[in-house]
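Just below is one structure, and these are the notes that go with it.
Computed from a predicted model, the values in this text were never measured in an experiment. Values below: every heavy atom of this structure, side chains too, minus hydrogens, waters and symmetry copies.
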Amino acid sequence: MPTVLQLTRSIVAPITRTRLFRRIAPIVLPTVEAVLGALSGGRLQLASLLVPSLVLHTVGARTGMTRDVHLMYTPDGRGRAIIAGTSFARDRHPGWTYNLLANPDASITVRDRTLLVHASPIPATERDAAWARIEAQWPGYRGYERDSGRIVRLFLLRPVAEPAGPHDGGVAAGDGPLDASSDRD
């Protein structure tokens, strides 16, 4: 039997694929997230009501300045996060993806906890599995890639305390700070 959260996602997800949402969301959502963050002392994100969410703190590829962006993430089941540079299906990659390519060491804030992470682009051979995991959480999300006309950049965020190695190594399943078991779902 589906949970209330799953039912809500199945209702809201199609709305996020409309042209109107894609036009308005890049303008409205960052402002709403900033206001909510300011009012809650950074403890609440609008997106976190429906999906696991984080604030990604990167170093600007051109400016060297710190940049923050609110993103949905998908736990990989091994304590790491998958993030997708969908940019609401726009035809250009979001700036944060350039930042991670230039400076893969970053930090994230999840549920009032800040973690240092290392970002790795997900290899082509692992993209379908990553998308399947993302779409299990948010149905139809890969449609943003199709509609954008570009290959969306996918990244795996690995906490720096985790030993480097292949994407399937490291912490045991369910033991990491970004696992679904620590989320409401």
Side-chain angles (χ1 to χ4, degrees), residues 2-63 65-76 81-101 106-112 117 119 121-122 127 130-157 178 180 183-185:
T3 66
V4 172
L5 184 57
Q6 289 168 330
L7 287 172
T8 303
R9 285 178 182 168
S10 68
I11 293 167
V12 174
I15 295 167
T16 66
R17 292 189 296 273
T18 65
R19 279 182 238 220
L20 179 61
F21 179 85
R22 289 178 182 176
R23 210 172 334 180
I24 294 171
I27 299 162
V28 174
L29 289 182
T31 303
V32 170
E33 291 288 12
V35 169
L36 266 177
L39 292 174
S40 70
R43 290 183 301 277
L44 181 62
Q45 287 179 255
L46 178 64
S48 70
L49 300 175
L50 292 174
V51 291
S53 300
L54 57 79
V55 179
L56 175 66
H57 312 283
T58 61
V59 174
R62 285 184 295 157
T63 66
M65 295 175 63
T66 301
R67 302 291 184 199
D68 297 338
V69 63
H70 295 261
L71 298 171
M72 171 184 107
Y73 78 89
T74 302
D76 79 341
I82 300 167
I83 54 174
T86 57
S87 192
F88 298 100
R90 289 188 257 173
D91 60 356
R92 300 174 91 190
H93 295 289
W96 63 263
T97 66
Y98 294 99
N99 296 347
L100 286 181
L101 290 172
S107 64
I108 58 173
T109 302
V110 181
R111 293 180 305 277
D112 225 10
V117 295
I122 293 180
R127 286 178 58 77
W131 274 117
R133 197 165 193 83
I134 292 167
E135 285 200 302
Q137 174 179 287
W138 193 257
Y141 198 62
R142 194 171 190 177
Y144 278 13
E145 180 175 63
R146 180 186 58 253
D147 296 344
S148 72
R150 62 182 169 81
I151 296 174
V152 165
R153 294 174 176 158
L154 300 178
F155 291 89
L156 183 68
L157 301 180
L178 299 169
D183 290 313
R184 288 174 285 229
D185 190 24

Counting distance only, does the side-chain N/O of Arg67 pair as donor-acceptor with the main-chain N or O of Trp96 below 3.5 Å?
-> no
Minimum heavy-atom separation for Asp68 to Thr66, with atom names?
-> OD1-CG2, 3.9 Å
State, to 0.1 Å, how close Arg133 and Asp76 come at their nearest heavy-atom pair, and which atoms those are.
-> NH2-O, 3.0 Å
Tell me the side chain to side chain donor-acceptor pair (under 3.5 Å) pairs involving residues 140-150, sequence neighbours left out?
-> Arg22-Asp147, Thr86-Tyr141, His93-Arg150, Arg127-Glu145, Asp128-Arg142, Arg142-Glu145
Within-4.5 Å side-chain heavy-atom neighbours: Leu56 and Tyr73 = no
Reported CD1-to-CG distance for the pair Ile83 and Leu157, which is rounded to 0.5 angstrom | 4.0 Å
Evaluate the side-chain proximity of Ser53 to Glu33: yes if any heavy-atom separation is below 4.5 Å, no if none is.
-> no
Separation between CD1 of Ile122 and CD1 of Ile82, rounded to the nearest 0.5 Å = 5.0 Å
Nearest-0.5 Å distance, CG of residue Leu54 to OG of residue Ser107 | 10.0 Å
About how many Å separate OG1 of Thr74 and CH2 of Trp138, when rounded to the nearest 0.5 Å?
-> 11.0 Å
Set of residues satisfying side-chain contact (heavy atoms from CB on, under 4.5 Å) with respect to Pro26, sequence neighbours excluded = Phe88, Arg90
Between CD on residue Gln137 and CD1 on residue Ile134, distance to nearest 0.5 Å = 8.0 Å
Nearest non-hydrogen partners of Asn99 and Ala61, listed with the distance | OD1-N, 2.9 Å
Here the pair of heavy atoms bringing Pro75 nearest to Pro52 is CD-CG, 4.1 Å
For Ala13 and Pro139, the nearest pair of non-hydrogen atoms, with its separation, is CB-O, 3.7 Å
Do other residues, nucleotides or ligands put more than 12 heavy atoms under 6.0 Å from the CD1 atom of Ile151?
-> no
Evaluate the side chain to side chain contact (heavy atoms under 4.5 Å, CB included) criterion for residues Leu101 and Arg153: first the C-alpha distance (whole Å), next the side-chain angles of each, then the deciding distance (0.1 Å), finally the verdict.
-> CA-CA 10 Å; Leu101 290 172; Arg153 294 174 176 158; 3.6 Å; yes
Nearest 0.5 Å please: distance from the CZ atom of Arg92 over to the OG1 atom of Thr97.
-> 11.0 Å
Shortest non-hydrogen separation from Phe21 to Leu29 and the atoms involved = CZ-CD1, 4.0 Å
